[in-house]
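To keep things clear, I will list the structure first and then write my remarks on it.
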Amino acid sequence: MSETPQIDPSIEAAPEVDELTPPDRTLMGPGPSDVHPRVLRAMSTPLVGHLDPAFIEIMDEVQELLRYTFRTDNRWTIPVSGTGSASMEAAIGNLVEPGDTMLVPTNGYFGGRMRSMAERAGGDVVTVDAPWGEPLDPVDVERAFDEHQPDVFGFVHAETSTGVLQPNVPELTDIAHAHDAYVIADSVTSLGGVELRVDDWDIDVAYS
Ligand SMILES: Cc1ncc(COP(=O)(O)O)c(C=O)c1O
């Protein structure tokens with residue numbers, strides 16, 4: 001006969017903790033950052049299921065606001081529940097197929113992350129170089145295109161690891177499109193902070 005399992009009395013009751021009351025701090029670092037009270041209020045509203053008609057209406061509004069923020073008319077402007085890396089993976093996983101060539105920059109940490117994701121998607125990765133702390137030079141991008149004929153070009157608009165903003169974005173997208181390549185822009189730390197015009201600058205996929 002098996003013995004009745006003994007329950008440890010110390011884990012029978014859930015620990016008693018007070019109501020959550022975090023202190024009111026002013027956050028001055030690169031993240032986490034302060035959230036507008038209107039956003040905090042929205043986050044305390046009731047949940048609705050993803051099949052609820054109210055959810056569809058809310059999603060339509062969110063898409064409209066995202067299109068406004070990204071400066072695009074693209075109907076496939078969607079929120080992804082996840083981190084910036086999740087959206088990077090969504091972009092690269094959807095554009096890079098096994099055997100495709102992706103051109104990525106070497107001038108910072110997040111260009112390196114693009115590289116790992118493209119490799120995991122089965123892509124052949126080629127690079128355009130610039131020293132850490134410098135943006136990409138369009139002349140080097142053109143040269144890399146002539147040499148490798150990549151299918152996809154990824155660049156980091158604001159390379160957080162060095163603080164460098166990539167200027168000349170329309171010049172880079174012109175080069176890519178003249179070579180029939182798609183352009184992916186990492187705008188994780190540029191969206192809402194500096195000018196980003198997805199449609200005017202002819203960016204095919206932007207994530208943040
Ligand atoms: C430029 C850039 N790309 C991608 C990421 C990844 O975002 P997350 O840390 O939310 O996954 C970061 C995060 O700091 C970033 O600064």
Side-chain angles (χ1 to χ4, degrees), residues 22 25-36 39-40 42-43 62-63 65-67 69-72 74 76-96 100 102-123 125-138 140-141 144 150 152-173 176 181-208:
R25 306 274 193 240
T26 299
L27 299 171
M28 302 290 284
S33 39
D34 281 333
V35 177
H36 193 281
V39 176
L40 291 177
M43 286 169 70
V62 169
Q63 287 186 282
L65 289 166
L66 283 175
R67 277 191 280 269
T69 312
F70 278 93
R71 295 287 191 261
T72 181
N74 192 322
W76 303 113
T77 306
I78 52 160
V80 172
S81 8
T83 60
S85 304
S87 57
M88 184 190 288
E89 192 160 18
I92 293 177
N94 276 288
L95 278 199
V96 179
D100 280 352
M102 180 164 177
L103 177 66
V104 297
T106 58
N107 61 341
Y109 179 83
F110 291 102
R113 190 171 290 180
M114 277 186 156
R115 174 192 194 116
S116 330
M117 288 193 183
E119 284 170 350
R120 281 202 293 273
V125 174
V126 291
T127 58
V128 48
D129 302 324
W132 279 46
E134 299 287 333
L136 295 179
D137 186 329
D140 295 331
V141 174
V152 180
F153 167 52
F155 76 93
V156 182
H157 189 212
E159 180 45 85
T160 320
S161 59
T162 59
V164 166
L165 180 72
Q166 179 64 50
N168 313 314
V169 174
E171 233 180 295
L172 302 185
T173 56
Y182 288 118
V183 178
I184 300 178
D186 178 316
S187 61
V188 170
T189 49
S190 64
L191 181 76
V194 291
E195 186 181 35
L196 171 69
R197 298 185 170 274
V198 169
D199 284 0
D200 288 352
W201 295 354
D202 225 1
I203 294 166
D204 299 298
V205 177
Y207 60 81
S208 191

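Just so you know, ligand 1 is whichever comes first in the structure, and atom 1 is the first atom listed for that ligand.
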Apply salt bridge (Lys or Arg N to Asp or Glu O under 4.0 Å) to Asp200 and list each qualifying residue two or more places apart in sequence or on a separate chain.
->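 With sequence neighbours excluded, Asp200 shows a salt bridge (Lys or Arg N to Asp or Glu O under 4.0 Å) to Arg197, given in chain and number order.
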Return the orientation label for the Phe153 and Phe155 ring planes: parallel under 30°, perpendicular over 60°, tilted otherwise.
->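 Answer is parallel, since the angle falls under 30°.
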Without swapping roles, check the side chain of Thr77 against the backbone of Arg67 for a donor-acceptor pair under 3.5 Å.
->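 No, the answer is negative, given that no donor and acceptor are paired below the 3.5 Å cut-off.
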With no hydrogens and no angle check, is any side-chain donor or acceptor of Glu119 less than 3.5 Å from a backbone partner on Val125?
->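 Not at all, since once roles are kept as given, no pair shorter than 3.5 Å links the two residues.
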Set of residues satisfying side chain to side chain contact (heavy atoms under 4.5 Å, CB included) with respect to Ser87, sequence neighbours excluded |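 Here the qualifying residues are Tyr207.
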What residues form a side chain to side chain contact (heavy atoms under 4.5 Å, CB included) with Pro79, not counting sequence neighbours?
->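 If we apply the side chain to side chain contact (heavy atoms under 4.5 Å, CB included) test to Pro79, skipping adjacent residues, the hits are Met59, Val62, Leu66.
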Neighbouring protein residues of ligand 1 - any heavy atom closer than 4.0 Å =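 Around ligand 1, where the cutoff is 4.0 Å for heavy atoms, the contacting residues are Thr83, Gly84, Ser85, Met88, Phe110, Arg113, Val156, Ala158, Thr160, Asp186, Val188, Thr189.
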